[in-house]
Amino acid sequence: VHVVLGILMLMSLFMLSLKGRIPDDRSEVIELGGLYWHFVDVVWIIIFTLVYLVP
Amino acid sequence: MTETTTAESAAPGAPAHHEHPSDWEYIKVAIFLAIVTAAEVGLYYVEGLDRHIILLLLCAMMVVKFAVVVMWFMHLRFDSKIFRRFFVTGVLLAFGVYLIVLTTFHVWSRPGEHTPVTPRFPTTTTARPG
């Protein structure tokens with residue numbers, strides 16, 4: 001669910017930035033989306049090791 | 001001249017101003033993470049190595065990857081120290097809770113070593129004659 005939500009957020013941000021709907025003074029929206037995505041990323045770093053790799 | 005300026009150099013009370021590293025630095029970090037991940041997966045296929053050594057190496061690489069992602073991609077390296085403190089506090093709390101849960105489920109004892117606790121009171125009641 002977190003990954004799907006992150007993908008939706010990234011796609012939305014990408015489309016909005018393509019249309020020029022994210023001005024400079026709202027650039028923190030991109031930063032927040034990136035922070036959420038990398039939060040999912042660090043959780044997966046742990047899950048990948050502990051669940052899939054540890055013998 | 002350095003590429004980044006930290007928030008600590010800003011005047012007190014001023015909003016934290018920081019510049020992010022160049023695109024090339026992010027690419028270098030991504031390549032490093034890919035190499036470490038490849039090493040992790042490669043370690044999975046190594047045979048004849050002690051299980052504890054594999055576990056130790058995997059955990060070490062996991063911690064390195066975690067730290068690199070948090071410091072660069074989540075900008076903690078370039079942000080104000082207060083964010084770093086919040087994050088480290090949260091991580092330590094989560095780690096403590098995780099250890100407590102593992103201990104509750106007797107993960108540290110060997111198979112068969114754990115003896116279940118007998119209840120203080122009988123759970124089933126038997127009907128007395130008479």
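Letters A, B, ... are given to chains in the order of the sequence lines, protein chains preceding strands, and every chain is numbered from 1. For clarity, every value in this text was computed on a predicted model and none was experimentally measured. Computed over heavy atoms, backbone and side chain alike; hydrogens, waters and symmetry mates excluded.
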Worksheet item: If you draw a 6.0 Å radius around CZ in B:F86, do more than 12 non-hydrogen atoms from other residues or ligands fall strictly inside?
Response: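 No, CZ of B:F86 has 12 or fewer neighbouring heavy atoms, counting only those of other groups under 6.0 Å.
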
Fill in: Residue B:D50 excluded, over 12 heavy atoms near CG under 6.0 Å
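Yes, CG of B:D50 has more than 12 neighbouring heavy atoms, counting only those of other groups under 6.0 Å.
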
Worksheet item: Between B:I54 and chain A, which part of the residue has a heavy atom less than 4.5 Å away: side chain, backbone, both or neither?
Response: side chain

Discussion item. Give me the atom names and distance for the closest heavy-atom approach of A:V42 to B:M74.
Written reply: CG1-SD, 4.4 Å

Got a second to check how far [X]'s [atom1] is from [Y]'s [atom2], nearest 0.5 Å?
| X | Y | atom1 | atom2 | answer |
| --- | --- | --- | --- | --- |
| B:D79 | A:E31 | CG | CD | 6.5 Å |
| A:L53 | B:L57 | CG | CG | 12.0 Å |
| B:F66 | A:W44 | CZ | CH2 | 15.5 Å |

Worksheet item: With a 4.5 angstrom heavy-atom cut-off, which part of A:Y52 approaches chain B: side chain, backbone, both or neither?
Response: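 Interface part for A:Y52: backbone (N, CA, C, O).
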
Fill in: Pairs meeting criterion ring pair (Phe, Tyr, Trp, His ring centres under 6.0 Å) with involvement of residues 25-46 of chain B, two or more places apart
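Sorted pair list: B:Y26-B:F73.
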
Practice prompt. Give the intermediate values and the outcome of side-chain contact (heavy atoms from CB on, under 4.5 Å) for residues A:T49 and B:M61.
Written response: CA-CA 9 Å; A:T49 304; B:M61 287 193 274; over 6 Å; no

Worksheet item: Between A:L50, A:I46, A:V43, A:D41, which has the largest tally of heavy atom pairs under 4.5 Å with chain B?
Response: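 Winner by heavy-atom pair count: A:I46.
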
Discussion item. Run the side-chain contact (heavy atoms from CB on, under 4.5 Å) test on B:E40 and A:F48 for me, step by step, so that the C-alpha distance in whole Å, both residues' side-chain angles and the decisive distance to 0.1 Å come before the verdict.
Written reply: CA-CA 10 Å; B:E40 279 181 331; A:F48 181 64; 4.1 Å; yes

